[in-house]
Protein chains: 2
Amino acid sequence: MKARRANSRDKILAAAADVARETGPGSLSLDAVASRAGVSKGGLLYNFPTKAKLMQALVEDYLRAFEQALESARTAGVGGESPLATYIKLSAEHAAESKPSASWIFSAIAEDPDFLTPIKSFRRQVFERLKGETPDLKALLVCYLAIEGLRSMNLFDSDVLSVDERRLLVSSLLEIAG
Amino acid sequence: MKARRANSRDKILAAAADVARETGPGSLSLDAVASRAGVSKGGLLYNFPTKAKLMQALVEDYLRAFEQALESARTAGVGGESPLATYIKLSAEHAAESKPSASWIFSAIAEDPDFLTPIKSFRRQVFERLKGETPDLKALLVCYLAIEGLRSMNLFDSDVLSVDERRLLVSSLLEIAG
DNA sequence: TTGACAATACCGTCCAGACGGTACAGTAAG
DNA sequence: CTTACTGTACCGTCTGGACGGTATTGTCAA
């Protein structure tokens with residue numbers, strides 16, 4: 001009942017991300033996504049009645065996944081590790097993945113910049129929470145922004161840093177985070 | 001000869017940036033740019049024979065402006081100020097501007113991701129140069145990435161930081177830079 | 001000085017193609 | 001009989017860009 005539906009849904013979402021990454025954010029057409037997902041256009045529009053709904057689902061899934069990862073990393077964190085350190089580690093791992101994991105964001109922005117609002121509010125939430133949990137504001141600011149920089153480089157697929165440099169950066173940040 | 005009429009070129013470029021910022025990166029149509037610039041579509045296509053050429057000009061002008069600003073900040077820099085400190089200050093000033101100064105980048109990416117290549121190579125150049133001029137690699141990495149994070153926030157128009165926090169961040173970075 | 005000619009810097013129109021979305025008939029599974 | 005699609009045909013809109021025209025400015029020979 002639901003399995004079949006959910007399967008197709010996920011395939012479509014993954015296909016959309018793939019198409020965005022491979023053919024460029026501007027070429028994310030419904031036809032392209034449908035054929036990539038092995039689904040007819042009718043089927044695609046059955047699952048996501050409009051393109052906007054598809055984008056929204058992309059955003060929501062992404063946010064949910066990150067939130068879950070953060071939550072489980074927090075609970076599974078070694079005793080005494082600060083929340084900021086957990087955040088740094090998790091984000092660095094994400095950014096180290098070879099594929100720019102979220103290049104579909106550009107498609108969403110191109111479609112309608114408002115798709116960013118949930119992401120923005122999520123970020124603000126995370127930041128405010130970290131602020132409440134981190135005694136040293138200066139350390140938080142530096143670390144948070146540096147991680148944001150790492151995320152941005154991954155997003156733009158611009159690998160200015162070598163692997164060693166990235167490692168050194170992360171260890172420096174963890175040191176700053178205390 | 002060239003100067004008088006050539007201001008039409010600059011008007012078009014500015015108009016393109018405005019349209020991208022105001023109506024969203026996906027809505028950067030030649031018609032919109034032309035009417036915004038107070039120029040007919042024919043006139044627009046006279047100055048920039050294709051949309052790709054327009055985007056390219058946007059990128060090149062942006063890079064040239066930043067490079068010049070960096071160069072003059074370096075020479076005008078107070079004695080004893082490290083190149084990294086100059087870079088931090090200049091970038092922070094840029095990021096503090098209210099308008100996301102380069103949101104047209106999203107339009108360029110949507111049009112064709114290859115428009116990023118000159119930007120990427122420019123960044124790498126700047127980074128390599130800073131690496132040669134900065135003794136403390138750890139400090140460089142942290143500061144460079146944090147600045148990159150600031151740039152990214154400005155680009156995405158996501159103002160997580162308050163003015164005070166941004167100030168504190170910059171002073172912390174300058175402290176780290178030594 | 002002037003008249004002819006051209007280069008420059010546009011304007012306004014038109015068009016082929018792509019895209020999002022609709023409609024609808026068919027079908028296989030449960 | 002319903003759910004979850006497939007497949008196709010189609011429509012309206014938007015967009016890049018080609019094209020032909022035109023006014024202004026510059027050049028230069030007679």
Side-chain angles (χ1 to χ4, degrees), chain A residues 1-59 104 106-115, chain B residues 1-59 104 106-115:
Chain A
M1 26 166 168
K2 227 180 177 182
R4 184 138 157 207
R5 174 184 193 161
N7 211 335
S8 202
R9 196 192 122 97
D10 290 347
K11 266 200 315 192
I12 290 169
L13 252 23
D18 287 349
V19 171
R21 183 167 1 91
E22 286 165 25
T23 71
S27 309
L28 191 74
S29 67
L30 295 185
D31 284 306
V33 173
S35 82
R36 176 64 180 242
V39 156
S40 72
K41 195 177 174 181
L44 168 60
L45 285 159
Y46 179 80
N47 283 278
F48 302 98
T50 68
K51 199 183 184 182
K53 288 270 164 68
L54 173 62
M55 298 301 194
Q56 203 186 324
L58 233 24
V59 172
W104 51 262
F106 294 129
S107 302
I109 299 175
E111 189 68 22
D112 182 350
D114 288 346
F115 283 120
Chain B
M1 352 170 137
K2 226 183 175 182
R4 192 59 164 262
R5 301 277 245 224
N7 64 0
S8 175
R9 192 193 127 97
D10 291 344
K11 268 201 313 191
I12 290 169
L13 252 24
D18 287 348
V19 171
R21 185 168 358 91
E22 286 165 25
T23 70
S27 309
L28 190 75
S29 67
L30 295 186
D31 282 305
V33 173
S35 82
R36 177 64 180 245
V39 156
S40 77
K41 197 174 172 182
L44 169 60
L45 284 160
Y46 174 79
N47 284 277
F48 302 98
T50 68
K51 198 181 183 183
K53 288 268 163 67
L54 172 62
M55 298 301 192
Q56 203 186 324
L58 233 24
V59 172
W104 51 262
F106 294 130
S107 303
I109 299 175
E111 189 68 21
D112 183 351
D114 288 347
F115 284 120

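All values derive from a computational prediction rather than experimental measurement. Residue numbers begin at 1 in each chain, while the letters A, B, ... track the order of the sequences.
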Go nucleotide by nucleotide along DNA chain C from the 5' end; which of Gly42(A) and Leu30(A) gets its closest nucleotide reached first? Leu30(A)

Using a cut-off of less than 4.0 Å, is there contact between a side-chain N or O of Ser29(A) and OP1 or OP2 of dA18(C)? no

With the side chain counted from C-beta on, respond yes when Val39(B) and Asn47(B) share a heavy-atom pair under 4.5 Å apart, and no when they do not. no

Nearest-0.5 Å distance, CZ of residue Arg21(B) to CH2 of residue Trp104(B): 12.0 Å

Expressed as a whole number of angstroms, how long is the span from Lys41(A):NZ to dA25(C):P? 19 Å

Establish, with yes or no, whether the OP1 or OP2 oxygen of dT8(D) is under 4.0 angstrom from a side-chain nitrogen or oxygen of Ser40(A). no

Is there side-chain contact between Val33(A) and Asp18(A), with heavy atoms separated by less than 4.5 Å? no

Side chain to side chain, Phe48(A) and Met55(A), heavy atoms closer than 4.5 Å: no

Please report, rounded to the nearest Å, how far the P atom of dG20(C) is from the NZ atom of Lys53(A). 16 Å

Let me know the distance between OH of Tyr46(B) and P of dC11(C), rounded to the nearest Å. 12 Å

Sugar-phosphate only, base, or nothing, as touched by Leu45(A) at under 4.0 Å among non-hydrogen atoms: base

Atom CG of Asp31(A) and atom C1' of dA9(D): how far apart are they, to the nearest Å? 13 Å

Distance check needed: dG20(C) C1' versus Met55(A) CE, whole Å only. 12 Å

Glu111(B) has an atom CD; how far is it from atom P of dC19(C), in whole Å? 12 Å

Whole angstroms only, please: what is the NZ-C1' distance between Lys51(A) and dG21(C)? 12 Å

Output the rounded distance in Å from CZ (Phe48(B)) to C1' (dG16(D)). 16 Å

Classify Leu28(B) by what it touches in the nucleic acid, base, sugar-phosphate, or nothing, heavy-atom distance under 4.0 Å. sugar-phosphate

